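First up is the structure itself, then whatever we jot down about it.
Quantities reported herein were computed from a predicted structural model and do not represent experimental measurements. Order of the sequence lines fixes the chain letters, A, B, ..., with proteins taken first and strands second; residue numbering starts at 1 for each chain.
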Number of protein chains: 2
Amino acid sequence: MKIDFDGIQAFVVIAELGGFNKAAEHLHVTQTALTRRIQKLEAYLDLKLLDRTTRYVELTAVGREFLPQARVIVGEMTAAVSRLKDMSKNSRGNFTLACVPTMAGQILPKLMREYAKSCPRNRIRLLDATSYEVRDAVLNSQAELGIGIHGEQHPDLNETPLFDDPLMFFCRESNPLSSRESVTWSDMSDADLIVVSNLTATRVFMDYQLAKRGISLSGAYEVQHHATAISLVAAGVGCAILPASTFQEGDRPGVRRIPLVSPIVKRKVILITRKNNTLSPAAEAFFELIKKTHFGLTPTT
Amino acid sequence: MKIDFDGIQAFVVIAELGGFNKAAEHLHVTQTALTRRIQKLEAYLDLKLLDRTTRYVELTAVGREFLPQARVIVGEMTAAVSRLKDMSKNSRGNFTLACVPTMAGQILPKLMREYAKSCPRNRIRLLDATSYEVRDAVLNSQAELGIGIHGEQHPDLNETPLFDDPLMFFCRESNPLSSRESVTWSDMSDADLIVVSNLTATRVFMDYQLAKRGISLSGAYEVQHHATAISLVAAGVGCAILPASTFQEGDRPGVRRIPLVSPIVKRKVILITRKNNTLSPAAEAFFELIKKTHFGLTPTT
DNA sequence: CTTGATATATGCGCATATCGCAATAGATTC
DNA sequence: GAATCTATTGCGATATGCGCATATATCAAG
């Protein structure tokens, strides 16, 4: 025999309101239905929960004992269900987003402000990590969404291209190249170059792209973080090659960002999701938002 | 739309066992049924709980969030229901019995031992109180059953006669009346009488019965409890008039209990229940037991 | 690439549970 | 004793849920 939630709920409401009619109105059914539910429940349990004349309803000893438990059950049940319904209806809830630090610092703040406007009560748990860690986080469901860099494909992951992020040349205004419209890789052969560590996806990607074209770079300095590199440039230590998105024009006075061509090397910024995994409504809302957003950089072709 | 316990249970079992088929076997239904339950539940909630290919089942982010709650709900539900079913099937549970002290000391121990044999895990909460308090306790449902003395009827109470409890004459063996087969009220006119306080139902009843026949008694001593009266008799202070059930032949060496006639005055010991109130299975079992029991005293006519 | 094994989804028909309406029956009030 | 209030019951209409057979998708093996 199946467990009968309706019956228990009927019992609680009747006990609470003290009558079948009041309970029926409250539950939006006829009083007849409640009579039947209680009868069925009592038959199933093989005991009486309510002593009722045609005039009065009263709890039996067993009913009194059961009522608090029943109240808890019904309460938790309806609470949990309505939480879930609410979650779907209003895209409410929390989710985890994994993101590489560059993007976390540049495009994410805007996105999160935007998201907060449409879903004010949602929380995004932000996991900032290296490109590889972002992929792993999405793969093992630590994060529902990941913002990372296109690299090796994985059969269980879906990638949605967001925009291209070309490598650019960063220097002080005092640098002889600073007035150029664009700079070629060969222009920098004797510059004091600051590059990011070869533990980062940016560097690995860059080396790979240049090697294909037979270009080799001698970095004078190697740092861990993009932000550090920019600070060094600002301090006049040298020039840097960094993704365009690292920097917005005007972020730092005295620092210029110049397109780097021959060839143009650009990493693809992507949104990562797991295949065959339905997003939670909260994450889905973010996904829709990010797809609608136009980023201020070259859109992916 | 109605809240669907089956769906939630299906969700939990599927999540726990990792597949529809295993869950179907566990729930003794076909796999088809589970597919439908989950579909219905997801449609109702308007979100996905399980990501499933035809090959694999996996929780969605929302599903993972919901699972612990669902587990609690299902657990409490089934636990509560099976407790109730067990209660009815094995007459398990506890109940409260109100009882006048005389009976609590004499017939109850036997009954409770008997009851413990058939329902070993049940507890009887014993409320020993005056005859009036017993009635009140049953009336306001503090106790399901009451053992008391017949007196005024009450429209909301049912009385089941148990046995008649005649008043008897108690004296030491050294008393001149001790060898008599019976004693009349007039025999005791000049004895040192010990009677219970006129705050007790026994005394009120006795006075009323005697007054009807124009007999008046001069009590030399007045005590609160029957047990005290007997102790005084044993100590040779005087003779006492007490209900027969107070005392079993041989309880106290040297004390005799002699029928008191002309007239025979007997109080009726009754079992009190509330009208229109279904007894709990535990109390019901006790009720049946007490009705089957033959008491060693005059059965009620 | 095809085939077989395995796990979920679906079409369909049946059994029955559940509901609402209308009428009934029990209890209280005046 | 009539009026009234409340729970119960008979009955027909409908919805729900199930199982069987089958379809479909995925993975593994040859």
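Distance alone, capped at 3.5 Å, places no donor-acceptor pair between the Glu159(A) side chain and the His150(A) backbone. Between the Asp51(A) side chain and the Thr278(B) main chain, a donor and an acceptor come within less than 3.5 Å of each other.
For Val57(B), the listed nucleotide lying nearest its side chain is dT8(C); candidates were dC21(C), dT8(C), dG19(D). For Gln39(A), the side-chain atoms get nearest to dT8(D) when compared with the rest of dG20(C), dT10(C), dT8(D).
Here the CD-CG distance, from Gln39(A) to Leu50(A), works out to 11.0 Å after rounding to the nearest 0.5 Å. We find the CG-OG1 distance between Asp136(A) and Thr130(A) to be 8.0 Å, quoted to the nearest 0.5 Å.
The interatomic distance linking Arg37(A) (CZ) with dT8(D) (P) rounds to 15 Å, in whole Å. Taking atom CG of Leu34(A) as the reference point, atom P of dT8(D) lies 10 Å away to the nearest angstrom. For the pair Glu58(B) CD and dT8(C) C1', the interatomic distance rounds to 15 Å; values are reported in whole Å. Asp4(A) has its CG atom 11 Å from the C1' atom of dT18(C), to the nearest Å. To the nearest angstrom, C1' of dA9(C) lies 13 Å from CD1 of Ile38(B). For the pair Phe5(B) CZ and dA17(C) P, the computed distance is 19 Å after rounding to whole Å. Atom-to-atom, CZ of Phe20(B) to C1' of dA9(C) comes out at 9 Å; the value is rounded to the nearest Å. Summarising the geometry, the separation between CG on Asp6(A) and P on dA17(C) is reported as 14 Å, rounded to the nearest angstrom.
There is no side-chain donor-acceptor pair under 3.5 Å between Ser118(A) and Glu114(A).
Contact annotation for Asn21(A): backbone-only contact, meaning every heavy-atom pair under 4.0 Å involves sugar-phosphate atoms and none involves a base.
Using cut-offs of 30° and 60° for the angle between ring planes, the Tyr115(A) and Phe286(A) rings count as perpendicular.
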Produce a footprint string for nucleotides 23-30 of chain C: one letter per nucleotide, 5' end first; B if the base is under 4.0 Å from any protein heavy atom, S if only the sugar-phosphate is, - if neither.
-> ---BSS--
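Put simply, Arg36(A) has no side-chain N or O that comes within less than 4.0 Å of OP1 or OP2 on dT9(D). Here Arg52(B) reaches the OP1 or OP2 of dA9(C): one of its side-chain N or O atoms lies under 4.0 Å away. Side-chain N/O atoms of Lys40(B) include none lying less than 4.0 angstrom from OP1 or OP2 on dT16(D). Put simply, Thr35(B) has no side-chain N or O that comes within less than 4.0 Å of OP1 or OP2 on dT8(C).
A 6.0 Å sphere centred on CZ of Arg64(A) holds more than 12 heavy atoms belonging to other residues, nucleotides or ligands.
Between Leu127(B) and Leu97(B) the shortest side-chain heavy-atom distance does not fall below 4.5 Å.
Rounded to 10°, the angle separating the first-five-pair axis and the last-five-pair axis of the helix from dC1(C)-dG30(D) to dC30(C)-dG1(D) equals 30°.
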I would like to know whether Thr160(B) and Phe287(B) meet side-chain contact (heavy atoms from CB on, under 4.5 Å); could you show each step before the answer?
-> CA-CA 10 Å; Thr160(B) 306; Phe287(B) 188 88; 3.8 Å; yes
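A salt bridge is absent between Lys266(A) and Asp165(A); no separation between the charged side-chain nitrogens and carboxylate oxygens falls under 4.0 Å.
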